[in-house]
Amino acid sequence: MASDICALTEGTLALLVSFPHAGTYIPASMARRMTPEALQRADTDWHLPQLYGFVREMGASTLVPQCSRYVIDLNRPPEDSSLYPGQDTTGLVPVDTFRKQPIYLPGEEPTAAEIAERRELYWKPYHDALEAELARLHAAHGAVVLWDAHSIASVLPRFFEGRLPDLNLGTADGRSCATAVQAAAEAVLRAQRDYTHVTNGRFKGGYITRHYGRPQEGIHALQLEMCHATYMDEAAPFAYRADLAARVQPVLARLLEAVVEAAA
Ligand SMILES: [Zn+2]
């Protein structure tokens, strides 16, 4: 299924890879109301479908949205409660960037009615597709892994001190997948020496990981937040670096193979 809102590719493996922040499209009517800083789209999870391109050959399903997270954040709860109470975080329809620059020109911030409209138009179709594909794979295999793929600038004082570890695994503190599935991913992370890593550090998994992960029913959700620097230039124009990507892709492949095997 492909739509203007998101593109689902159906695979044969018990694995769905979701890329909720990979979109860059901002409708012209919204873009006209945004600041030049916002229109750089610096907070995009850049190039992730390209980085994870190998998963199609593995037989995984993929779900890729068209719209930027500045239109609506697909990894936030629909009612916009905070994912990290007490800590700074951006909301369902963010009004500032990770560097605290305003997204909208003065007086142009979206109203509650507009936020509700964006939720119906962009958020709901993504989640409807995600839920349906998880159900299809679960019915076919008896168990399924949902891998929520993310990436972020490695230095963002608003959210964390210093430099973020390269690979940040999130499982909602162990609640979104079986212990054996998390352990399988951690074994892969420990076995490599090229990338620093942490489990359930600053990033524990967002709405998608927490909402869909039901390990007792055989639905195992994990989030991987990676530093942009592991596969791209962190400065505009945010170029993909095939040389860097080629080093991290085998680690991603081993992670995915390990979690699918552990979930089976
Ligand atoms: Zn993200």
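Just so we're clear, the structure is a prediction, and the values are computed from it rather than from any experiment. Order of appearance sets the numbers: ligands from 1, and atoms from 1 within every ligand.
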Open item on the list: From the N, O or S atoms in H150, identify the one nearest to the Zn ion (ligand 1).
Closed with: ND1

- [ ] Look only at the side chain of R118 and the backbone of V71, and say whether a donor-acceptor pair between them is shorter than 3.5 Å.
- [x] yes

Distance-only donor-acceptor pairs under 3.5 Å for side chains of residues 237-244, two or more places apart:
{"from": "R241", "atom 1": "NE", "to": "D243", "atom 2": "OD1", "distance (Å)": "3.0"}
{"from": "R241", "atom 1": "NH1", "to": "D233", "atom 2": "OD1", "distance (Å)": "3.0"}
{"from": "R241", "atom 1": "NH2", "to": "D243", "atom 2": "OD2", "distance (Å)": "2.9"}

- [ ] Verify, without hydrogens or angle tests, whether N168 (side chain) and E225 (backbone) share a donor-acceptor contact under 3.5 angstrom.
- [x] yes

TODO: Please find the N/O/S atom of H21 nearest to the Zn ion (ligand 1) and write down its name.
DONE: ND1

Mind listing the side-chain donor-acceptor pairs of residues 142-157 below 3.5 Å, one per line with the distance, residues two or more places apart or on another chain?
{"from": "W147", "atom 1": "NE1", "to": "Y52", "atom 2": "OH", "distance (Å)": "3.0"}
{"from": "D148", "atom 1": "OD1", "to": "S18", "atom 2": "OG", "distance (Å)": "2.5"}
{"from": "D148", "atom 1": "OD2", "to": "H150", "atom 2": "NE2", "distance (Å)": "2.7"}
{"from": "H150", "atom 1": "ND1", "to": "H21", "atom 2": "ND1", "distance (Å)": "3.2"}
{"from": "H150", "atom 1": "ND1", "to": "D45", "atom 2": "OD2", "distance (Å)": "3.1"}
{"from": "S151", "atom 1": "OG", "to": "H228", "atom 2": "NE2", "distance (Å)": "3.4"}
{"from": "S151", "atom 1": "OG", "to": "Y231", "atom 2": "OH", "distance (Å)": "2.7"}
{"from": "S154", "atom 1": "OG", "to": "E234", "atom 2": "OE1", "distance (Å)": "3.1"}
{"from": "S154", "atom 1": "OG", "to": "E234", "atom 2": "OE2", "distance (Å)": "3.1"}

- [ ] Tell me whether D45 has at least one N, O or S atom under 2.8 Å from the Zn ion (ligand 1).
- [x] yes

